[in-house]
Novice: 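Mind looking over this structure? Questions follow.
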Amino acid sequence: MNRFFVTTPIFYVNAKPHLGHAFTTILADAQSRFHTLMGDESYFLTGTDEHGDKIAKASEAAGQSPKEYADQISGLFRDLAPVVGAKPNQFIRTTDPDHIKTVQKVLQKVYESGDIYFGEYGGHYCFGCERFYTEKELVDGMCPDHKTKPEYIAEKNYFFRMSKYQGWLIDHINEHPEFIRPARYRNEVLSLLESGALEDLCISRPKSRLTWGIELPFDPDFVCYVWFDALLNYVSALNYPRGDKFKKFWPAANHIVAKDILKPHAVFWPTMLKAAGLQPYQSLNVHGYWLVRDTKMSKSLGNVVEPKRMVDTYGASAFRYFLLREMAFGSDASFTEEALVGRLNADLANDLGNLFNRALAMTHKYFDGKVPSPAEEFQEDAELKHLGLEAMQGFQENFAEFRTARGLESLWELVRALNKYIDQTAPWTLYKNKQMARLGTVMYVVLEHMRKVAVHLWPVMPEASVKMLEQLGMPFDLDKIVLPKEPEVWGVLESGVAVAATSNLFPRVELPEPTPPAAKEAPALEAKKSKADKAPKEPQAPAGPLENIEFTDFQKLDLRVGTVVSAEKHPDADKLLVVKVALGEAEPRQVVAGLADRFSPEDLVGKQVVVVANLAPRKLRGVQSQGMILVAKDAEVTRLLTAAGAVDDGGKVA
RNA sequence: GGCGAGGUAGCUCAGUCGGUCAGAGCAUGCGGCUCAUAUCCGCAGUGUCGGGGGUUCAAUUCCCUCCCUCGCUACCA
């Protein structure tokens, strides 16, 4: 029996679940169910990632301990799966004692084998640029900008000798086409690996800076860097090294991630496994983002309520169908309720639901609600069966490679062909002409195909599939379904069995409200990225209020109002503007502001702005900056901060 | 700026190792059926396959170049 181990990333508990998390979970669930039907033993793992700086800070802001905070958010993720009809076999948390032990075991092992070393983080530091330079970047040992000799500064940390496995990883990827898919991401990783030497990975943080993490077994002054901790969940969940689950399911791992965490999974993780003496996983499956139409909803609650609301409104089956049908594997897709409704009506209500219902109704009308016996097979029957066979094979082949959209598209060729077949055979005419034998065959062909379709849909729409089969008088029985044989097998549906009189599993739906007017006015803002599967370590706005400061701290800020007298693009940077602001001083202040992506120079000239006047001067990309221009922003817009009326240049903000 | 991915019917996309490859679904128009969830079936489209240049008997498919979009990355104090 083949083993199939499917995982979602463990979700970072710095934000609540949203559409992206829901999708990854649904995809993993569909894959798990698909492989179960294919006769494999499947194990589906999900969970939460709970260590790191951001969690420490967020919990502090919330007035909770990190663990309390993590418990709370982790619970939200644990509740996500049932909402979308997913059934993970296990929910792991990186704060689980077993996981912590495993991480320490692996750290110790890799340390002892010599692939973790104590080194210095940093290097050649140029005070002019305020940054570190690598040996390669220096020109004759001098800073390329300032032509001065940088000073060597270091912070001690532990490093994983990732560079050692670069060549091995390149070979492995080349030899295993399915290792990273779809191919675009495989190519991306290969070009990343082949473009230059891989740096070793810093895997520790000094406890002086961060305590919320797993302590290094060989140095109690440090905790483990979150990625090294998080990735190991995939084996700690299986009770590595001695657990039965581990022996069963490793290395049959099929990871599912969104594209934002490609590098850690495609580079860090395999090299970590290699260093720890483990087999690499089987495949990494990378999907794109869901783009979400921007509405007021996202401002207050984010996309948080979306999955729940969609499921409440349309049902888990329909929601899952839409997501799995709409997103081309690897590409971004756009989520709008209009598209959802359109898809449900066209594919589920019109094509499938109506087909199913008309088939049941005719069975009742012509055969008293019992599955008729088939008689002689006509050519049109054989043709349909052949088409169905190809459609089901297409479904299985595509689904096996995570191309769910194409798989469903393929299956729908059968659904549409069935509607056409009914039209061509015209059972109502056969009935009128009393050709009952032929009519029985036609109805049997339709019903048996309906059963096949229902079986194939179980991974995608488990509830609906089970109900369809019940209505066909064939209660769902996992042990009796052998999906690989379904395309060819015939005659499973038993004659004489009673079917339901009608079916309304896929009713037509309507948009709850007319299109929001906001959609029209700002097409540029229409699609907005929803970062799926946010993983550790992207900088992000603080989750809660910052800690309190004293009034005297505030007084340290010298905030001034000034008029922008000129603004131009930074000669050497895309996102920077070089702005001159009159602050009532002899010369206008030159401020370098990171606003070029949101403002053009003309937007600024002549405006009064608020400037932090006593910010230590600093060079940004070679240009002196003597202050900072303040802006106000939310998820969608950035606005200049200014006084409500005119103020003399240099006026103080207090 | 560097690296990567992409620009094909109104929309979402498929496809071409160069020669019935110009396609599917949705949306639109017209016609048909009545078993059915105002459903289903048939027919009809429209496209300079991003612009320009090159290679070739032949390019949407190969090469060069330009434009645009997206992602990663650097500068965002």
Side-chain angles (χ1 to χ4, degrees), chain A residues 129-131 137 145 182-192 194-196 258-263 288-289 291 325-328 330-334 336 338-339 342-366 403 405-406 408-410 412-413 415-432 439 442-443 446 502-509 527 529 539 570-577 591-598 612 615-623 625-631 638:
Chain A
C129 305
E130 292 193 35
R131 60 161 285 195
E137 289 171 308
D145 266 2
R184 57 195 298 190
Y185 295 110
R186 180 169 176 267
N187 296 340
E188 209 168 302
V189 172
L190 275 175
S191 74
L192 175 90
E194 282 163 350
S195 67
K259 62 186 185 180
D260 57 331
I261 49 176
L262 174 62
K263 189 176 173 182
Y289 290 141
L291 308 177
R325 173 65 185 82
E326 193 77 2
M327 175 177 270
S331 304
D332 292 350
S334 165
T336 65
E338 288 90 330
R343 192 56 95 178
L344 299 193
N345 283 334
D347 293 1
L348 295 186
N350 295 353
D351 285 352
L352 178 64
N354 180 56
L355 166 66
F356 194 47
N357 189 44
R358 70 197 294 208
L360 294 181
M362 284 191 282
T363 305
H364 271 263
K365 201 160 205 167
Y366 308 143
R403 293 190 297 254
R406 291 175 74 172
L408 285 167
E409 201 177 352
S410 183
W412 248 250
E413 283 175 21
V415 172
R416 281 192 289 267
L418 281 165
N419 272 318
K420 191 170 177 173
Y421 174 83
I422 292 177
D423 250 58
Q424 284 174 343
T425 54
W428 47 92
T429 306
L430 295 173
Y431 182 66
K432 221 178 287 173
L439 179 58
V442 166
M443 289 314 302
V446 170
T502 58
S503 172
N504 197 25
L505 288 175
F506 307 104
R508 284 187 67 83
V509 290
K529 187 168 75 179
H570 190 295
D572 222 11
D574 293 345
K575 291 192 184 169
L576 300 185
L577 292 177
V591 174
V592 178
L595 300 173
D597 55 339
R598 284 153 292 180
V612 183
L615 196 65
R618 186 193 153 163
K619 274 198 174 180
L620 288 176
R621 204 76 175 181
V623 175
S625 179
Q626 307 164 303
M628 172 178 174
I629 293 175
L630 298 184
V631 296
T638 301

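Since this is a predicted model, take the numbers as computed values, not measurements. So that the names make sense, note that chain A is the first sequence line, chain B the second, and so on, each numbered from 1.
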Novice: What is the distance, rounded to the nearest whole Å, between atom CG of A:Asn345 and atom P of B:C40?
Specialist: 10 Å
Novice: Please report the distance separating the P of B:U73 from the corresponding atom of B:C66, rounded so that it comes out in whole Å.
Specialist: 26 Å
Novice: Please give the nucleotide sitting opposite B:A9 as a Watson-Crick or G-U wobble pair, both distances under 3.5 Å, or none.
Specialist: none
Novice: Of the nucleotides B:U39, B:U37, B:G42, which one has an atom closest to the side chain of A:Asn350?
Specialist: B:U39
Novice: Considering all heavy atoms of both residues, which atom of A:Glu409 and which atom of A:Arg416 are nearest to each other, and what is their separation?
Specialist: O-NH2, 4.4 Å
Novice: Map A:Thr502 and A:Gln424 onto RNA chain B by nearest heavy atom, then report which one ends up closer to the 5' terminus.
Specialist: A:Thr502
Novice: Which sits closer to the 5' end of RNA chain B, A:Glu409 or A:Lys365, going by the nucleotide each is nearest to?
Specialist: A:Glu409
Novice: Under 4.0 angstrom, heavy atoms only, what part of the nucleic acid is A:Ser503 near: base, sugar-phosphate, or nothing?
Specialist: base
Novice: Could you state the atom-to-atom distance from CZ of A:Arg186 to P of B:C72 in whole Å?
Specialist: 23 Å
Novice: Is there a donor-acceptor pair closer than 3.5 Å between any side-chain N or O of A:Asn357 and the backbone N or O of A:Ser503?
Specialist: yes
Novice: Need one value for A:Pro427: base, sugar-phosphate or nothing, where a base atom within 4.0 Å counts as base even if backbone is also close, heavy atoms only.
Specialist: nothing
Novice: Can you tell me how far C1' of B:G25 sits from CZ of A:Arg416, to the nearest Å?
Specialist: 6 Å
Novice: Using only side-chain N and O atoms of A:Lys263, determine if any of them is under 4.0 Å from OP1 or OP2 of B:C72.
Specialist: no
Novice: Is A:Arg184 close enough to B:G4 that one of its side-chain N or O atoms is under 4.0 Å from OP1 or OP2 there?
Specialist: no
Novice: Which nucleotide, if any, forms a Watson-Crick or G-U wobble pair with B:A44, using both distances under 3.5 Å?
Specialist: B:U28
Novice: Could you let me know what B:U16 is paired to, Watson-Crick or G-U wobble, both distances under 3.5 Å, or none if it's on its own?
Specialist: none
Novice: Taking OH from A:Tyr289 and P from B:A5, how many angstroms apart are they, rounded to a whole number?
Specialist: 18 Å
Novice: Considering only B:C26, B:A36, B:C40, which nucleotide approaches the side chain of A:Asn419 most closely?
Specialist: B:C40
Novice: If you define the side chain from C-beta out and look only at heavy atoms, does anything of A:Asp332 sit under 4.5 Å from A:Lys259?
Specialist: yes
Novice: What distance, rounded to whole Å, do you find between the two C1' atoms, one in B:G47 and one in B:A5?
Specialist: 24 Å
Novice: Which of the following nucleotides, B:C76, B:G71, B:U37, is nearest to the side chain of A:Leu576?
Specialist: B:C76
Novice: Without decimals, in angstroms, what is the distance between A:Leu190 CG and B:A5 P?
Specialist: 11 Å
Novice: Does B:C35 have a Watson-Crick or wobble partner in any strand here, with both distances under 3.5 angstrom, and which is it?
Specialist: none
Novice: Choose from B:U34, B:U37, B:A36 the nucleotide whose nearest atom is closest to any side-chain atom of A:Ala361.
Specialist: B:A36
Novice: How far does the C1' atom of B:U69 sit from the matching atom of B:G31, given to the nearest Å?
Specialist: 42 Å
Novice: Quick one: does A:Arg184's side chain get under 4.5 Å of A:Ser331's, heavy atoms only?
Specialist: yes
Novice: Send over the distance from A:Leu408 CG to B:A14 P, rounded to a whole Å.
Specialist: 15 Å
Novice: Which part of the nucleic acid does A:Gly353 contact within heavy-atom distance under 4.0 Å: base, sugar-phosphate only, or nothing?
Specialist: base
Novice: Using the P atom in both, what is the distance from B:U20 to B:A36, to the nearest Å?
Specialist: 46 Å
Novice: Taking the side chain of A:Tyr366 as its heavy atoms from C-beta onward, which of B:U37, B:C35, B:C72 lies nearest to it?
Specialist: B:C35
Novice: Could you work out the separation of B:A58 and B:C21 based on their C1' atoms and round it to a whole Å?
Specialist: 14 Å
Novice: Pairing check on B:A59: which nucleotide meets the Watson-Crick or G-U wobble criteria with it, both distances under 3.5 Å?
Specialist: none
Novice: Do A:Asp347 and A:Leu352 touch side chain to side chain, with heavy atoms closer than 4.5 Å?
Specialist: no
Novice: Which nucleotide in the set B:U37, B:C41, B:C35 lies at the smallest distance from any side-chain heavy atom of A:Met362?
Specialist: B:C35
Novice: Between B:C26, B:A77, B:C72, which one does the side chain of A:Ala346 approach most closely?
Specialist: B:C26
Novice: Would you name the heavy atoms of A:Asp423 and A:Trp428 that are closest together and state the gap between them?
Specialist: CA-CH2, 4.2 Å
Novice: Of the options B:U37, B:C35, B:G25, whose atoms approach the side-chain atoms of A:Asn357 most closely?
Specialist: B:U37
Novice: Using atom C1' in both nucleotides, what's the gap between B:A14 and B:U61 to the nearest angstrom?
Specialist: 14 Å
Novice: Can you tell me which nucleotide in B:G25, B:C35, B:A77 comes closest to the side chain of A:Met628?
Specialist: B:A77
Novice: Can you tell me how far P in B:G18 sits from the matching atom in B:U60, rounded to whole Å?
Specialist: 14 Å
Novice: Among B:U39, B:G15, B:C35, find the nucleotide with the atom closest to the side chain of A:Arg508.
Specialist: B:U39
Novice: Once you apply the 3.5 Å cut-off to both distances, tell me the Watson-Crick or G-U wobble partner of B:G1, or none.
Specialist: B:U73
Novice: With heavy-atom distances below 4.5 Å as the criterion, would you say the side chains of A:Arg343 and A:Leu348 are in contact?
Specialist: no
Novice: Search all heavy atoms of A:Val446 against all heavy atoms of A:Ala359 and return the closest pair with its distance.
Specialist: CG1-CB, 3.7 Å
Novice: Between B:C62 and B:A74, how far apart are the C1' atoms? Round to whole Å, please.
Specialist: 35 Å
Novice: Looking at every strand, decide which applies to A:Ala349 at a 4.0 Å heavy-atom threshold: base, sugar-phosphate, or nothing.
Specialist: base
Novice: Assign A:Asp351 to base, sugar-phosphate, or nothing according to its heavy-atom contacts below 4.0 angstrom with the strands shown.
Specialist: sugar-phosphate
Novice: Show the nearest heavy-atom pair for residues A:Asn354 and A:Asn350, with the distance to one decimal.
Specialist: CB-O, 3.1 Å
Novice: Rounded to the nearest angstrom, tell me the gap between atom CG in A:Leu344 and atom P in B:U37.
Specialist: 19 Å
Novice: Please report the distance, rounded to the nearest Å, between CG in A:Asn354 and P in B:A38.
Specialist: 7 Å
